[in-house]
Amino acid sequence: MRKQIAAANWKMNLNFQQADKLINEIMGADIKIKENQLTIFAVPYPYLSMSKGVVGDVQNYKVAAQNCYQKISGAYTGEVSVEMLHSMGIYYCIIGHSERREYFNESNATLAEKINLCLANEITPIFCCGEPLSVREAGKQDEYVGVQLKESLFHLSAEQIKNIIVAYEPIWAIGTGKTATTEQAQEMHQYLRSVLAVQYGNDIANEISILYGGSVKAGNAKEIFSCPDVDGGLVGGASLVAHDFIEIIKALK
Ligand code: PGA
């Protein structure tokens, strides 16, 4: 049974004290999550160690990085390698968030390199895809997101693809308060799963968690997560408020 996942993406928010308070509040809520559920906190690099300390070895709670660099090591001032993450016990990493694609010019090919390095270092990538508004308005979203998957993931073997989490985040829904309708989310998630099935077969496609991202809130999480092909959410704004993120975790199937 594929995992149902509530992933918090703090982005570049919160100072250290605020971050410490937030994660302690959420972990302190002692939410009993089920065997098939997972909560992930994707935090800024300087907070990885603190977050990992707070989460400890509580079952089905994990800490993730929000990015990594596409080289193994070397003279890349300011960058963070997957080996560094692995050596700190960080086993999840967001790859290809639309903000990285847009502001840091990350291409599908660069993201494929990052994916390879993550997998080689036992780090599960949370691979983000999603179309801008202009593409959605032109009705070309399937094609656009299909290319993102193909160019960054489809060189992987069947064994490797099982270790990927996909997050569909329509750019027009990120931080805008404008959520995709359940029909739009389900339609795209079903499409993504069908593309994965064509490449890797039904059994594998059915095992891959596909998260929805884009203005997931405490008030709409249950409805979005109820779609058969939506396996939880990647949550920005609402993950910065303890009460809201707790409700989102509780909304998992
Ligand atoms: P949002 O962000 O929940 O604030 O829309 C989602 C994301 O960018 O991962």
Side-chain angles (χ1 to χ4, degrees), residues 3-14 18-19 22-23 26 38-45 47-48 51 62-68 90 92-106 111 114-115 118 124-133 135-136 141 144-145 148-149 152 164-182 184-186 188-189 192 209-227 230-252:
K3 285 255 187 272
Q4 303 297 309
I5 302 169
N9 177 12
W10 289 357
K11 309 191 181 184
M12 197 178 76
N13 291 299
L14 310 171
Q18 292 165 331
L22 175 62
I23 198 160
I26 296 166
L38 191 61
T39 294
I40 302 175
F41 298 98
V43 308
Y45 293 135
Y47 307 162
L48 284 171
S51 302
K62 308 285 177 192
V63 176
Q66 297 175 5
N67 181 36
C68 63
I90 301 299
Y92 292 84
C93 185
I94 297 178
I95 298 291
H97 190 280
S98 61
E99 289 148 18
R100 304 268 348 147
R101 294 174 186 264
E102 183 180 351
Y103 306 135
F104 302 93
N105 296 320
E106 295 190 1
L111 300 176
K114 295 189 184 204
I115 296 273
C118 282
T124 300
I126 303 168
F127 176 75
C128 301
C129 58
E131 79 287 353
L133 185 60
V135 170
R136 168 66 62 168
Q141 63 274 10
Y144 186 92
V145 175
Q148 291 181 320
L149 250 62
S152 297
I164 301 275
I165 297 168
V166 175
Y168 168 62
E169 300 203 304
I171 297 170
W172 45 272
I174 296 178
T176 58
K178 195 175 168 205
T179 320
T181 63
T182 46
Q184 286 171 324
Q186 171 55 24
M188 177 57 88
H189 282 232
L192 290 172
S209 300
I210 307 180
L211 317 185
Y212 168 81
S215 301
V216 174
K217 307 274 176 237
N220 62 19
K222 207 162 187 85
E223 195 187 349
I224 298 171
F225 298 171
S226 72
C227 299
V230 175
D231 307 311
L234 179 56
V235 188
S239 75
L240 300 171
V241 181
H243 166 268
D244 291 8
F245 193 59
I246 289 166
E247 289 307 309
I248 291 169
I249 300 170
K250 289 182 180 166
L252 289 172

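In each ligand, atom 1 is the first atom listed, and ligand 1 is the first ligand listed. Note that this is a predicted model, so its numbers are computed, not measured.
Between the CD1 atom of Ile94 and the OG1 atom of Thr124 there is a distance of 13.0 Å, given to the nearest 0.5 Å.
The residue among Glu99, Gln66, Lys11, Glu169 with a heavy atom at the shortest distance from atom 9 (O) of ligand 1 is Glu169. Checking Pro170, Gly236, Ala42 against atom 3 (O) of ligand 1, the nearest heavy atom belongs to Gly236.
Proximity of Ile174 to ligand 1, defined as any heavy-atom pair under 4.0 Å, is shared by backbone and side chain alike. Proximity of Cys128 to ligand 1, defined as any heavy-atom pair under 4.0 Å, is not found for any part of the residue.
Heavy-atom distances between Ala238 and ligand 1 stay at or above 4.0 Å for every pair. The shortest separation from a heavy atom of Ala167 to ligand 1 is not under 4.0 Å, leaving the residue out of contact.
The closest protein non-hydrogen atom to atom 4 (O) of ligand 1 is Gly237 N, 2.8 Å.
Annotation for Gln4 and Asp231: closest pair OE1-CA, 3.1 Å, computed over non-hydrogen atoms. Between Pro44 and Lys11, the shortest heavy-atom distance links the atoms CG-O, 3.4 Å.
If you number the atoms of ligand 1 from 1 as listed, the ones under 4.0 Å from a heavy atom of Asn9 come out as 9 (O). Within the listing of ligand 1, atoms 7 (C), 8 (O), 9 (O) sit less than 4.0 angstrom from a heavy atom of His97. Each of the following atoms of ligand 1 lies closer than 4.0 Å to a heavy atom of Gly175: 1 (P), 4 (O), 5 (O).
If you check the side chains of Glu106 and His97, you find no donor sitting under 3.5 Å from an acceptor.
The side-chain heavy atoms of Ser239 and Ile248, taken from C-beta on, include no pair separated by under 4.5 Å.
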- [ ] Start with the C-alpha gap between Asn9 and Gln66, add the side-chain angles, then the distance that decides, and say whether side-chain contact (heavy atoms from CB on, under 4.5 Å) holds.
- [x] CA-CA 7 Å; Asn9 177 12; Gln66 297 175 5; 3.8 Å; yes
